[in-house]
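Have a look at the structure below before the remarks.
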2 protein chains.
Amino acid sequence: MNNSRFPISLHILTLLDQMKGQYVNSDLIAGSININPVLVRKEIINLRKHGFVESREGKGGGTTLAKKSADINLADVYLAVKDKSFLGESKNQPNPKCPVGRQINTHLKDLYQEVEDTLLKSLGNQTLADFTGKFK
Amino acid sequence: MNNSRFPISLHILTLLDQMKGQYVNSDLIAGSININPVLVRKEIINLRKHGFVESREGKGGGTTLAKKSADINLADVYLAVKDKSFLGESKNQPNPKCPVGRQINTHLKDLYQEVEDTLLKSLGNQTLADFTGKFK
DNA sequence: CATTCTGTAATTATTTTTATTACAGTACAA
DNA sequence: TTGTACTGTAATAAAAATAATTACAGAATG
């Protein structure tokens with residue numbers, strides 16, 4: 001995963017939740033996060049693909065939540081943006097001639113799986129509504 | 001955190017565990033991981049700072065485990081290498097004029113803390129000995 | 001004292017991430 | 001029906017992060 005996709009997605013969703021019902025455009029969102037609007041639009045494409053938001057093109061268009069924030073689980077948001085493991089991967093192929101190098105990726109993968117399961121359980125305890133509820 | 005520090009450190013520790021007692025040099029380790037020896041030496045400096053390994057300079061020198069692998073907890077290894085959060089940070093400062101932008105970092109931090117606690121609990125269930133025990 | 005290591009700095013190369021530019025297509029609204 | 005304000009998307013450039021390389025001083029060994 002690009003390491004800032006989770007916070008960016010959560011920021012977008014939080015903002016949309018606060019703007020309840022309104023279609024918010026990517027410039028406004030980008031201004032809040034302080035990143036480029038094109039990045040926001042790309043991230044929104046992903047969020048939409050996962051059913052969290054819906055968008056309208058054209059004048060007055062923008063993006064809004066596609067479901068109630070109480071029905072958006074943070075574990076699902078995490079899964080929607082993750083592509084690398086949070087514990088990291090060595091990008092070089094370890095040496096297959098070494099007993100450790102040969103097996104480590106398998107064992108690493110198992111370990112990550114285990115840890116990720118608890119991570120998801122923990123994140124899964126919270127919805128977007130819980131999260132936005134903390135904002136004053 | 002540089003995203004591959006955890007797997008690199010774990011690879012180093014695993015290798016040292018398998019080479020019980022021997023002082024292993026950075027070239028051999030680098031060859032197993034398939035990265036540059038200088039990177040290995042840097043990573044070892046960190047592992048040593050945390051008391052996991054000890055090194056000898058000079059001919060015949062190298063690095064070896066400083067404690068029994070059963071006494072090396074994977075949560076501690078994780079803590080030793082982590083510097084960024086695994087859930088990622090947006091590197092731009094969000095807009096302080098926006099109610100969401102102004103507060104999100106605080107709430108994100110809290111969320112991460114919560115999740116990290118469970119992550120540590122899960123990793124903490126395993127020692128290096130447990131991990132290396134999986135290798136055939 | 002030659003050899004084989006570590007420690008470490010400096011530099012360069014590579015890769016990843018982010019920003020920017022550009023423009024087609026869509027929808028609204030005057 | 002036309003101008004305006006959006007999204008979608010590609011292409012490129014800029015910036016930042018990561019990794020590799022080179023270099024060499026200093027330590028320990030035989």
Side-chain angles (χ1 to χ4, degrees), chain A residues 1-9 11-12 16 19 22-49 52-64 66 81-95, chain B residues 1-9 11-12 16 19 22-49 52-64 66 81-95:
Chain A
M1 165 172 53
N2 167 335
N3 203 41
S4 50
R5 287 187 59 201
F6 181 78
I8 287 174
S9 281
H11 194 140
I12 294 171
L16 295 183
M19 307 288 247
Q22 291 175 64
Y23 280 78
V24 185
N25 73 39
S26 60
D27 266 40
L28 190 152
I29 299 172
S32 173
I33 307 180
N34 190 20
I35 58 172
N36 194 283
V38 175
L39 226 185
V40 171
R41 299 207 280 265
K42 279 183 186 157
E43 212 43 53
I44 281 172
I45 287 170
N46 182 57
L47 290 171
R48 191 168 53 239
K49 203 169 63 190
F52 300 123
V53 303
E54 63 184 53
S55 308
R56 273 196 204 144
E57 296 187 4
K59 191 171 181 179
T63 300
T64 195
V81 300
K82 95 155 201 144
D83 56 52
K84 298 212 249 322
S85 170
F86 50 94
L87 286 176
E89 345 231 323
S90 46
K91 62 194 90 181
N92 297 347
Q93 189 65 25
N95 188 344
Chain B
M1 164 171 54
N2 166 334
N3 203 39
S4 49
R5 288 188 57 201
F6 181 78
I8 287 174
S9 280
H11 193 138
I12 293 172
L16 295 182
M19 306 288 247
Q22 290 175 66
Y23 281 77
V24 185
N25 73 39
S26 60
D27 266 41
L28 190 150
I29 299 173
S32 172
I33 307 181
N34 191 21
I35 58 172
N36 193 284
V38 175
L39 227 186
V40 172
R41 300 206 280 266
K42 279 183 186 158
E43 212 44 52
I44 281 173
I45 287 170
N46 182 57
L47 291 171
R48 191 168 53 239
K49 202 168 63 190
F52 298 123
V53 303
E54 62 184 54
S55 307
R56 273 196 202 144
E57 296 188 4
K59 189 170 182 179
T63 300
T64 194
V81 300
K82 97 156 200 143
D83 56 51
K84 297 211 254 312
S85 169
F86 50 93
L87 286 175
E89 345 230 323
S90 45
K91 63 194 88 180
N92 298 348
Q93 189 65 24
N95 189 343

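Heavy atoms only: backbone and side chains are in, while hydrogens, waters and symmetry mates are out. Proteins come first, then strands; the chains are lettered A, B, ... in the order of their sequence lines, and each starts at number 1.
- Rounded to an integer number of Å, the gap from B:E43 CD to C:dG7 P is 13 Å.
- Going from atom CD1 of B:I44 over to atom P of C:dG7 covers 7 Å, rounded to whole Å.
- Between the CG atom of B:D27 and the P atom of C:dT6 there is a distance of 7 Å, given to the nearest Å.
- Remark: P of C:dA9 and CG of B:L39 are 15 Å apart, rounded to the nearest angstrom.
- Mapping B:V24 and A:I8 onto DNA chain C via the closest heavy atom, the residue that lands nearer the 5' end is B:V24.
- Mapping B:N92 and B:I45 onto DNA chain C via the closest heavy atom, the residue that lands nearer the 5' end is B:I45.
- Contact between the side-chain N/O atoms of A:R5 and the OP1/OP2 oxygens of C:dT17 is not found at any separation under 4.0 Å.
- Taking 4.0 angstrom as the limit, A:N36 places a side-chain polar atom (N or O) nearer than this to OP1 or OP2 of C:dT20.
- Proximity note for A:V38 (side chain, C-beta onward) versus C:dA22, D:dG8, D:dT22: the nearest is C:dA22.
- For the pair A:K42 NZ and D:dC6 P, the computed distance is 20 Å after rounding to whole Å.
- In this structure, B:N34 atom CG and D:dT18 atom P are separated by 19 Å, rounded to whole Å.
- Comparing A:K59 and A:R41 along DNA chain D, the residue whose closest nucleotide (by nearest heavy atom) sits nearer the 5' end is A:K59.
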Criterion side-chain contact (heavy atoms from CB on, under 4.5 Å) on B:N3 and A:N3, from CA distance to verdict: CA-CA 9 Å; B:N3 203 39; A:N3 203 41; 5.8 Å; no

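- To the nearest 0.5 Å, the span separating CD on A:Q22 from OG1 on A:T64 amounts to 8.0 Å.
- We find that CD of A:E57 is positioned 6 Å from P of C:dA27, with the value rounded to whole Å.
- Dashed line: the shortest gap from a side-chain N or O of A:S26 to OP1 or OP2 of D:dC6 is not under 4.0 Å.
- Look at A:S4 and you'll find a side-chain N or O under 4.0 angstrom from OP1 or OP2 of C:dT18.
- Minimum interatomic distance between A:L16 and A:T63 (heavy atoms only, all atoms of both residues): CD2-O, 3.3 Å.
- Annotation for A:G31 and B:N95: closest pair O-CB, 3.1 Å, computed over non-hydrogen atoms.
- B:L28 places its CG atom 10 Å from the P atom of C:dT6, with the value rounded to the nearest Å.
- At least one donor-acceptor pair under 3.5 Å links the side chain of A:N92 to the backbone N or O of B:N34.
- In this structure, A:N25 reaches the D:dC6 phosphate: one of its side-chain N or O atoms is under 4.0 Å from OP1 or OP2.
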